[in-house]
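Note on naming: letters A, B, ... go to the chains in the order of the sequence lines (proteins, then strands), and numbering restarts at 1 for each one.
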There are 2 protein chains.
Amino acid sequence: MKWDELEEQPCSLARTVAVIGDRWSLLILRECFLRKRRFEAFQSVLGITRHLLAERLKKLVRLGVLRRIPYQESPKRYEYILTQKGLDLYPVIMAIVHWGDVHMVDSRGRPMLHEHQNCGKLFDPVMVCSECGEPLAAKQVHVHPGPGARQPAVASLKAEKVR
Amino acid sequence: MKWDELEEQPCSLARTVAVIGDRWSLLILRECFLRKRRFEAFQSVLGITRHLLAERLKKLVRLGVLRRIPYQESPKRYEYILTQKGLDLYPVIMAIVHWGDVHMVDSRGRPMLHEHQNCGKLFDPVMVCSECGEPLAAKQVHVHPGPGARQPAVASLKAEKVR
DNA sequence: ATTGACAGTTCAATTTTAGAACTTTAAGTT
DNA sequence: AACTTAAAGTTCTAAAATTGAACTGTCAAT
């Protein structure tokens, strides 16, 4: 399966994985959320090869997660900032960080703590139901096919083949 | 940077990316949350090569996300089920799915809908602050170094090198 | 005149992944 | 008894992605 095919699957997880499902994209986005914006800043802190960083940044721009804006003329230089689509990845990032905080820390404890400006406290992110506000657990959720459940052309062809 | 180095960074995101930050792991876990448990089931629905599936399953077992348990003797056959550590990835999966639902759907709408058994309603996952219960936004969160902020040996060497 | 910063690009060597065939153990079918 | 199927892998070669290192072009500072 190629990356482009992933994007076309009738699955919101697969489509998102097509955007962030590689080793570097999430690390680049981490730096974006930590207010880094420039090529050199990403490269030096991550240790990613310049080649790949250039490619990943292009991809994230193409997909609308980052915007490339000039910050000086002559020589023309650009920096990368999160779009709203990119900012909306915050819950993904926080869910990932939280899982690491719970399951991947050593005896020394968490590398980072998060403070919520609204209430002034150190917090953990909690995922809740938009309707009743209760924390979510996998076992309490049932899945139903939605209106976009199947691809019109490709999937029906595949179905034929399988039958 | 190698995968093993990722795991050792003083960053919960990097450590989690070392576990799920590739094209296939999240898709395999999707199937796990959809109650799939067997090699053939994963392989046929995902289209992943058998070679890579075997490798990824081994890795997820080694990292404690899945458990490999025999479901029949002679011939000995195994299936893969989520551990608690694996089940705890649910918020990560849901955050990813939700972002896809918002930003990657076509005109036909969402491929899947989620029903919360507790309240009986179709819902979206929302990430809130554990302390005040308010929905989280990146701009309202400040980050502080925690007790595990730096690697004891490696990081200080790196710091020397940089200085 | 030289050095350094920044944002990349280029290219060979290595590592990963894809695609396909093959293996093993046993049950079911002809 | 021979043949087919199923499940869970393993093995192999070709293709693709990633690494590592050097190089480019533009400008400012020394």
To the nearest angstrom, how far is [X] atom [atom1] from [N] atom [atom2]?
X     : N      : atom1 : atom2 : answer
A:Q72 : C:dA5  : CD    : P     : 15 Å
A:I48 : D:dT18 : CD1   : C1'   : 10 Å
A:L53 : C:dG8  : CG    : P     : 8 Å
A:D22 : D:dT18 : CG    : P     : 7 Å
A:E73 : C:dC6  : CD    : C1'   : 15 Å

Electrostatic pair B:E7:B:R15 at N-O distance under 4.0 angstrom: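 The answer is no: the pair does not qualify as a salt bridge.
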
Under 4.0 Å between a side-chain nitrogen and a carboxylate oxygen: does that hold for A:E131 and B:K121?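 Answer for the salt bridge query: no.
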
Is there a side-chain contact between [X] and the phosphate of [N], meaning an N or O under 4.0 Å from OP1 or OP2?
X     : N      : result
B:Y71 : D:dA7  : no
B:Y80 : D:dG9  : yes
A:K58 : C:dT9  : yes
B:W24 : C:dA18 : yes
B:R68 : D:dG9  : yes

5′-ward residue of the pair A:H51/A:Y78 relative to DNA chain C: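 Its nearest nucleotide being more 5', the pick is A:Y78.
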
When the nearest nucleotide of DNA chain C is assigned to B:E55 and to B:K76 on a heavy-atom basis, which residue is associated with the more 5' position?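 Checking each residue's closest nucleotide, the 5'-ward one belongs to B:E55.
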
Do the side chains of A:H103 and A:H98 get nearer than 4.5 Å, heavy atoms only?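 No, every pair of side-chain atoms sits at 4.5 Å or beyond.
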
Tell me if the side-chain of B:R50 makes a donor-acceptor pair with the base of D:dA8, cut-off 3.5 Å, by modelled atom types.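 Answer is yes: a donor-acceptor pair is held.
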
Would the base of D:dA7 count as contacting B:R77 through its side chain, where contact means a donor and an acceptor less than 3.5 Å apart?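 Such a pair exists between side chain and base.
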
Looking at A:Y78, does the NZ or CZ of A:R68 lie under 6.0 angstrom from its six-membered ring centre and within 45 degrees of the ring axis?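 A:R68 over A:Y78 ring: yes.
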
Is NZ or CZ of A:R30 both nearer than 6.0 Å to the six-membered ring centre of A:F42 and within 45° of the ring axis?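 No, A:R30 and A:F42 do not form such a contact.
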
For the side chain of A:P75, counting heavy atoms from C-beta on, which of D:dA7, C:dC6, D:dT26 is nearest?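 The answer is D:dT26.
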
To the side chain of B:E40, which of C:dA7, C:dA18, D:dA8 is closest?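 Nearest nucleotide to the side chain: D:dA8.
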
Tell me what A:S74 touches on the nucleic acid: a base, only sugar-phosphate, or nothing, going by heavy atoms under 4.0 Å.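 Counting heavy atoms under 4.0 Å across all strands, the contact made by A:S74 is with sugar-phosphate only.
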
For A:F42, which contact category applies under a 4.0 Å heavy-atom criterion: base, sugar-phosphate, or nothing?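 Nothing, no heavy atom under 4.0 Å.
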
Nearest-nucleotide comparison on DNA chain D, the residue closer to the 5′ end among A:R23 and B:A41: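 Taking each residue's closest nucleotide, the earlier one in sequence belongs to B:A41.
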
